[in-house]
Amino acid sequence: WAFRASLQPSKPAPRRADRCDKCGKTTCAAGWNWNSDHTEKACHRRKCMRAVGRLPPLASDKVAGSTDAALLEIEEVLGMRYCDPSQMTAVALRNPVDEDDERLEYLVSGRFGSGPDDRGFHSVAWVFDGDLLDHVDAEEVKSAMQTYKNRMDKEFAALADACDAEM
């Protein structure tokens with residue numbers, strides 16, 4: 001029996017709790033995600049992993065969130081929002097949006113690039129209302145907004161008619 005006892009696997013060493021450098025969460029992670037020079041570690045959360053370069057950036061980060069991709073031309077306004085749910089905590093999602101967290105953005109289909117001399121690329125991205133006029137003519141913005149408003153008026157009228165028909 002002594003020989004058989006020596007073949008039994010030993011218990012693994014207990015994992016040590018450590019703190020994520022990005023979100024501060026204390027965890028007993030089996031493996032940390034490190035940046036390229038091993039100076040920062042991140043937990044398993046996607047946001048933390050992106051921060052240390054273990055996951056590629058989101059497409060929305062590449063277009064709307066970067067300074068080198070500005071809106072150059074509006075083809076169409078597709079929507080609007082007052083907050084970005086992907087940037088809200090779980091608690092914030094369950095409660096009314098705080099006025100401090102409200103930021104008006106428009107979902108725009110158009111040409112993005114680094115400036116008027118850049119041929120740019122086509123994309124769809126959320127653009128802050130204050131950034132609409134940076135590189136786009138005011139009349140172009142006004143026309144796109146009017147077209148969007150007309151489309152929304154038709155959608156709301158159709159919804160109201162459908163609600164009236166249900167009553």
Side-chain angles (χ1 to χ4, degrees), residues 20-25 33-37 39-167:
C20 174
D21 292 340
K22 296 301 166 188
C23 69
K25 178 184 173 193
N33 296 287
W34 292 88
N35 64 349
S36 59
D37 59 357
T39 57
E40 296 179 305
K41 65 180 175 291
C43 65
H44 65 281
R45 293 178 176 172
R46 290 179 184 268
K47 187 175 183 180
C48 297
M49 291 170 64
R50 276 193 184 85
V52 295
R54 297 297 293 170
L55 286 177
L58 296 171
S60 59
D61 293 341
K62 291 180 184 175
V63 176
S66 67
T67 57
D68 63 342
L71 177 65
L72 303 177
E73 181 182 323
I74 296 178
E75 290 177 7
E76 183 179 16
V77 176
L78 302 169
M80 65 181 281
R81 67 182 181 189
Y82 291 99
C83 63
D84 183 357
S86 69
Q87 300 300 315
M88 297 171 73
T89 65
V91 173
L93 288 169
R94 293 190 297 262
N95 293 302
V97 177
D98 190 327
E99 285 183 22
D100 295 336
D101 294 331
E102 286 187 12
R103 298 184 340 192
L104 180 60
E105 294 178 287
Y106 293 97
L107 184 60
V108 176
S109 173
R111 188 170 55 91
F112 292 81
S114 60
D117 297 334
D118 184 359
R119 186 170 63 182
F121 55 93
H122 178 271
S123 188
V124 175
W126 288 103
V127 178
F128 293 112
D129 66 327
D131 297 338
L132 286 174
L133 296 172
D134 284 350
H135 299 285
V136 181
D137 180 58
E139 285 301 316
E140 186 179 343
V141 172
K142 187 175 178 180
S143 174
M145 290 298 178
Q146 188 61 47
T147 303
Y148 174 69
K149 181 185 177 301
N150 293 342
R151 192 170 72 236
M152 288 298 97
D153 288 345
K154 288 179 187 175
E155 293 292 334
F156 290 137
L159 179 59
D161 291 344
C163 290
D164 291 340
E166 291 290 320
M167 292 183 166

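From Tyr148, atom OH reaches atom CG of Asp153 across 10.5 Å, with rounding to the nearest 0.5 Å. Going from atom CD of Glu105 over to atom CG of Asp129 covers 9.0 Å, rounded to the nearest 0.5 Å. Residue Leu159 holds its CG atom at 11.0 Å from CE of Met152, rounded to the nearest 0.5 Å. Rounding to the nearest 0.5 angstrom, the gap separating the NZ atom in Lys41 from the SG atom in Cys20 is 8.0 Å.
Two residues are said to be in side-chain contact when any heavy atoms from C-beta on lie closer than 4.5 Å; His122 and Glu75 meet this criterion. The closest side-chain heavy-atom distance from Asp84 to Trp126 is not below 4.5 Å.
Contact between Leu133 and Ala138 at its shortest, heavy atoms only, is CD2-CA, 3.7 Å. Residues Leu71 and Glu73 come closest through the heavy atom pair CD1-O, 3.5 Å. The two residues Arg111 and Arg119 come nearest to each other via the heavy atoms NH1-O, 3.0 Å. For the pair Ile74 and Glu140, the tightest heavy-atom approach, listed with the atom from each and the gap, is N-OE2, 2.8 Å. The nearest pair of heavy atoms linking Phe112 to Ala125 is CZ-CB, 3.8 Å. For Val77 against Arg151, the heavy-atom pair with the smallest separation is O-NH2, 2.9 Å.
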Could you check Leu132 against Tyr106 for side chain to side chain contact (heavy atoms under 4.5 Å, CB included), going step by step and ending with a plain yes or no?
CA-CA 9 Å; Leu132 286 174; Tyr106 293 97; 3.6 Å; yes
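No donor-acceptor distance shorter than 3.5 angstrom exists from the side chain of Ser143 to the backbone of Glu139, with no hydrogens or angles considered. Listed for the Asp21 side chain is no donor-acceptor partner under 3.5 Å among the backbone atoms of Ala42.
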